[in-house]
Amino acid sequence: MEVANELKRAKYTEIAEEAAKRGWSARLRPIEIGARGFVARSAIGLLSELGICGRSLRQVVSNMSLAAERASEWLWVRRNYPSWGAS
């Protein structure tokens with residue numbers, strides 16, 4: 001997941017710099033959540049910076065994990081749907 005974080009950071013750095021040139025305040029904080037529900041430290045760190053802590057932090061991380069697992073399962077179940085073929 002660290003590699004994914006670095007790739008996202010490189011991809012969006014230019015956009016953040018362009019925002020700064022236009023006078024906007026932007027902070028680049030890419031996060032990762034794995035397909036099997038693993039929530040990376042990058043996501044937990046961002047939530048903490050936003051002031052989410054304690055029981056609330058644990059609940060949000062749990063919800064993020066469950067959402068990622070459900071989305072992955074949904075995609076897996078539908079992987080062979082004919083409408084998903086090459087267009």
Criterion side-chain hydrogen bond (donor to acceptor under 3.5 Å, both in side chains) against S42, the qualifying member of R29, R9, E32
E32
Worked check of side-chain contact (heavy atoms from CB on, under 4.5 Å) between K11 and E6:
CA-CA 9 Å; K11 180 178 179 178; E6 291 173 18; over 6 Å; no
Same apolar cluster: V60 and L46, side chain cutoff 4.5 Å:
yes
Going by side-chain hydrogen bond (donor to acceptor under 3.5 Å, both in side chains), name the residues that satisfy it together with E17, two or more places apart in sequence or in a different chain.
none
Has R55 got more than 12 heavy atoms of other residues, nucleotides or ligands less than 6.0 Å from its CZ?
no
Identified side-chain contact (heavy atoms from CB on, under 4.5 Å) counterpart of V61 within the set I44, I52, L66:
I44
Beyond-backbone contact of I33 with S65, side-chain heavy atoms, under 4.5 angstrom:
no
Backbone N/O of I31 and side chain of N5: donor-acceptor pair under 3.5 Å
no
If we only count heavy atoms from C-beta on, is the E2 to R41 side-chain gap below 4.5 Å?
yes
Return the set of residues passing side-chain hydrogen bond (donor to acceptor under 3.5 Å, both in side chains) with E73 (not counting sequence neighbours), or none when no residue passes.
none
Heavy-atom pair with the smallest gap, counting every atom of A68 and G37
CB-CA, 4.2 Å
Only counting residues at least two apart or in another chain, list the ones meeting side-chain hydrogen bond (donor to acceptor under 3.5 Å, both in side chains) with R22.
E18
Under 4.5 Å between side-chain heavy atoms, counting indirect links through other Ile/Leu/Val/Met/Phe/Trp/Tyr residues: same cluster for V39 and L50 or not?
yes
For the pair S62 (side chain) and R58 (backbone), establish whether a donor and an acceptor sit closer than 3.5 Å, ignoring hydrogens and angles.
no
Would you find a donor on one side and an acceptor on the other, under 3.5 Å apart, between the side chain of S72 and the backbone of R36?
no
Please check if L75 and Y81 belong to a single hydrophobic cluster, counting links between Ile, Leu, Val, Met, Phe, Trp and Tyr side chain heavy atoms closer than 4.5 Å.
yes
